[in-house]
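For the numbers below, each heavy atom of this structure counts, side chains included, while hydrogens, waters and symmetry mates do not. These numbers come from a predicted model, not from an experiment. The sequence lines fix the lettering, A, B, ..., with proteins before strands; numbering per chain opens at 1.
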Amino acid sequence: MKKKLGAVLLSTLMMFTLAACGGNAGTNSANPASNAEGTPANTAEPAANDELKPEPGAELRFWTFTTDLKPFTDYAIKEFEQKYNIKVTVEDVGYWDSIGRLSTDGPAGVGADVFGLQTPDVANAAQSGLILPNDYFEEETKSINKPDTVAAATHDGILYGYPWNVYTFSLYYNKDLVKDAKLETWDDIIAFSKKFNDVKNNKYGFLYEPKTSAFDVAFMTGYGGYIFGDNETNVNDIGINNEGSVKGLKFIQSLKDIIPLELADATTNLKEGLWGQGKLAINMDGSWAIGEHSKQPFPVGVLPMPKLPGGDNAMPLAGSTGYYVSSYTKYPNAAKIFANFITTKEMQIKNNELTGALPAADITGTEQGIRNDELTQGFLKQIASSHRFPGLFETQYVWPALDAAVAEVWNGGDPKAALDKAADKLKSNIANQK
Amino acid sequence: MQELIAKQSKSGAAKPYSTIATILSVLAMGLGQLYNRQFMKGVILLAVHAFTLYTVIFQLPHAVWGLATLGETQTQLKKVGRLYQQVMGDHSVFLMIEGLVTIFAVIILLWIYVLGIKDSYRTGKLREQGGVPNTFRQTVSFVLSYRFPYLILALPLAGVFFFTIMPIVFMILIAFTDYTAKNMPPAHLLSWTGFDAFRDVFQMKGWNTTFYKVTLWTFLWAILATLTGYFGGFGAALLVQQKRIRFKSFWRTLFILPYAIPMFVSMLILQNMFNGQFGPINQYLELLGFNRIPWLSDPTWAKVTLVIANFWVAFPVSMLMIIGIMSTIPKDMYEAADIDGASSFQKTRLITFPSVMYSMAPLLIMSFVGNMNNFNVIFLLTNGNPINSDLQFAGDTDILITWLYKLSMGYGQYNYASVIGIIIFIILSVFAIWNVRRTKAFKEDTSS
């Protein structure tokens with residue numbers, strides 16, 4: 001019986017943890033806070049204006065991507081070790097895996113001191129008590145970064161993160177295929193695709209993944225749709241079935257003319273396959289793939305999201321990545337210093353220079369060191385006109401509801417009815433969470 | 001000599017060793033053994049007694065408190081000057097596990113206590129009847145020679161206890177708490193919610209329709225997957241074993257190939273093969289003049305696709321097994337049938353099928369149980385999709401186990417996932433127990 005039940009695994013892991021603490025039958029029974037060794041209770045408390053000093057003998061464990069980001073992390077860690085004489089070990093842990101691993105590794109004392117998270121996971125980590133607030137460097141972080149990235153690193157009014165990266169998506173295009181076609185509005189793109197499409201031979205003018213509704217939201221925002229009210233912060237105001245959203249979904253439905261595929265068939269793999277073979281002219285993809293697309297054998301450009309018919313520009317969701325200090329860290333001061341050190345404005349620009357990642361800092365794009373190629377500059381412009389990725393805890397309930405609505409509409413359903421149903425489901429899931 | 005015996009029996013009558021030893025053992029482990037002059041054993045048991053007292057006095061109250069309340073102090077952030085500090089409170093999950101371990105340990109200690117009382121009573125009786133209690137050396141050598149298997153089994157048993165039973169009990173307990181992604185330790189305390197999660201799954205709108213739909217499909221899927229795999233294997237075996245078939249081993253090897261590819265790989269390949277637009281299967285269909293089939297995007301077709309894909313990986317095994325069984329059917333039965341003028345269909349129906357069925361029936365049930373939990377095929381091929389907006393966190397092809405996975409790993413609904421886990425556990429245990437009980441080998445084992 002293979003049971004992929006996380007809870008069982010979790011408990012087994014915890015059994016090991018307990019065994020490792022020595023003595024199976026109830027450790028530290030007198031002290032109810034049995035994992036007190038993880039707290040910074042013993043650290044000297046710096047008064048308000050003292051300089052934050054790293055703990056003597058501190059060593060840090062750092063979770064991030066060691067593949068894409070390697071040139072930068074190598075550089076930054078070397079600088080940090082030279083300046084503070086604190087050893088930092090890097091482990092390759094995806095940002096979306098950090099929470100799951102930390103909730104078991106943290107109490108066991110083998111978790112990271114500093115690790116990366118993306119916008120949608122911040123609320124979850126903060127609510128689970130896994131991260132420490134960014135207190136000492138709060139002013140600095142707020143002053144250098146874009147307000148939206150700071151907001152993404154904030155939960156319940158407390159700033160937790162040290163943002164360093166932003167991501168969004170836009171339209172990459174194959175210059176050889178598009179040639180001098182006019183692509184200023186979505187009508188242009190549809191007209192171009194109708195001419196270009198050759199479904200028999202699998203040639204497409206424009207493709208994206210409609211089944212992943214985080215992409216679809218881009219078309220709803222252009223008409224005034226949104227997920228949560230007050231710039232994605234108010235759970236009680238759900239906008240996925242407002243007039244704009246319905247109009248946007250109607251537009252998505254009309255895209256089936258130029259994307260004559262079943263939802264399940266339009267997958268990332270196949271889209272990227274066609275793109276690589278030069279059979280796809282316009283490819284909607286994320287800024288995280290800049291590096292990959294700049295290596296294609298054909299010239300690639302980036303289009304900003306065009307105007308929707310009878311509406312404003314479509315605005316794709318934009319999220320942010322930041323580094324966070326684990327609440328289980330033994331060296332909170334050193335960890336905070338490190339997290340701040342690798343996310344300063346200079347470091348963000350250096351990161352862009354070395355890996356192509358887009359800085360979270362408020363930059364003009366002409367700074368010394370910022371890549372001057374078309375893709376980077378194109379995305380920097382796109383980010384300026386994008387819609388904030390909702391970072392609320394309740395966001396996780398949005399996607400299943402919205403995915404289902406898009407699926408229904410793609411197969412010919414009524415957009416208004418589908419979105420009303422999705423909104424109802426979202427509301428009841430939010431109400432039912434305890 | 002006679003005098004000696006008389007003296008012994010006289011003193012035996014005078015001294016009710018068994019009663020005194022029992023009373024002493026009830027007072028404290030080991031006292032009875034000491035009284036019975038088994039000093040080494042007595043000292044060891046006294047040490048166990050001290051440990052038990054320590055556990056019961058110092059750890060049991062905390063364990064019971066932990067299990068009952070799941071913690072009282074909440075973890076909180078405190079601002080000291082400019083800096084926040086996380087003041088760790090109680091960790092409900094750890095309290096629960098610590099409590100379980102302690103209570104299990106206490107149960108084992110109590111069991112030793114009862115055994116000790118029994119032992120001192122028996123030794124006392126032996127002394128009353130004039131016997132001489134075993135020395136420690138004798139006890140050890142007795143245990144080593146006659147109770148050796150128990151001694152060897154004790155370690156793995158303890159392992160099973162703490163690493164199999166404990167986590168299962170833990171999982172069951174989770175179903176009665178409010179453990180969700182919204183309410184996760186260490187920041188939050190869990191609390192007992194009783195049967196709320198069960199009630200929701202069975203009664204709450206949305207949840208109950210999902211549950212019934214998913215369960216129905218789970219059973220349908222298990223039946224279809226098992227029968228197609230079995231009869232497919234049967235058919236292949238009959239074909240390969242035909243007298244006039246040449247290159248038997250070649251065909252067998254060819255048929256076993258799908259099984260030799262890791263399921264993980266073949267399912268991901270099949271996913272691309274069945275792609276409605278780009279998949280080669282639909283392209284062939286189109287070349288032959290048929291319409292494209294929405295293999296993975298239509299709910300009904302997605303279910304059919306799953307059964308086909310599962311058939312492809314499942315039939316080789318049953319084919320091999322059935323070939324094996326068929327080779328054990330006596331040839332003279334077929335010869336006799338030939339003389340009686342039976343057709344080959346009659347031979348298959350009346351000789352081959354019953355003989356194979358006789359050996360395969362228990363395996364068939366086990367494979368049914370396996371298919372009910374066939375996570376790989378569903379997760380890798382359709383991932384439960386196509387999406388159905390009427391279902392809670394589930395798609396049209398989700399079976400219980402993939403739904404459970406989505407609930408726990410995808411949406412952090414640990415308590416609901418645990419409820420589903422318990423239901424799967426109950427369904428599967430019913431089948432497993434029934435199967436074991438009707439297996440011949442088991443019957444023979446119990447009768448001996």
Only pairs of heavy atoms separated by less than 4.5 Å count here; which of [options] has the most with chain B?
| options | result |
| --- | --- |
| A:I158, A:L263, A:N134, A:I99 | A:I158 |
| A:L274, A:N269, A:L261 | A:L261 |
| A:G106, A:P400, A:S128, A:A264 | A:S128 |

Student check: side-chain heavy atoms of [X] and [Y] closer than 4.5 Å:
| X | Y | result |
| --- | --- | --- |
| B:N275 | A:E262 | no |
| A:N429 | B:F393 | yes |
| A:L52 | B:L83 | yes |
| B:Y84 | A:L132 | no |
| A:L130 | B:M184 | no |

Heavy-atom proximity to chain A below 4.5 Å, by part of [X]:
| X | value |
| --- | --- |
| B:M372 | neither |
| B:I103 | neither |
| B:Q76 | neither |
| B:P386 | neither |
| B:E72 | neither |
| B:N388 | backbone |

Verdict with supporting geometry, B:N183 and A:Q127, side-chain contact (heavy atoms from CB on, under 4.5 Å): CA-CA 8 Å; B:N183 196 27; A:Q127 221 150 40; over 6 Å; no
Chain B contact via A:D403 - side chain, backbone, both or neither, heavy atoms under 4.5 Å: both
Non-hydrogen atoms of chain B under 4.5 Å away: do they reach the side chain of A:V406, the backbone, both or neither? neither
Looking at [options], which one has more heavy-atom pairs under 4.5 Å with chain A than the rest?
| options | result |
| --- | --- |
| B:L407, B:L391, B:N385, B:T75 | B:L391 |
| B:V106, B:L60, B:D390, B:T402 | B:D390 |
| B:S297, B:A302, B:G206 | B:S297 |

Which heavy atom of B:Y411 sits nearest to which heavy atom of A:Q396, and what is that distance? O-OE1, 3.6 Å
Main chain of B:Q392, side chain of A:K425: is a donor-acceptor contact present, judged purely on distance under 3.5 Å? no
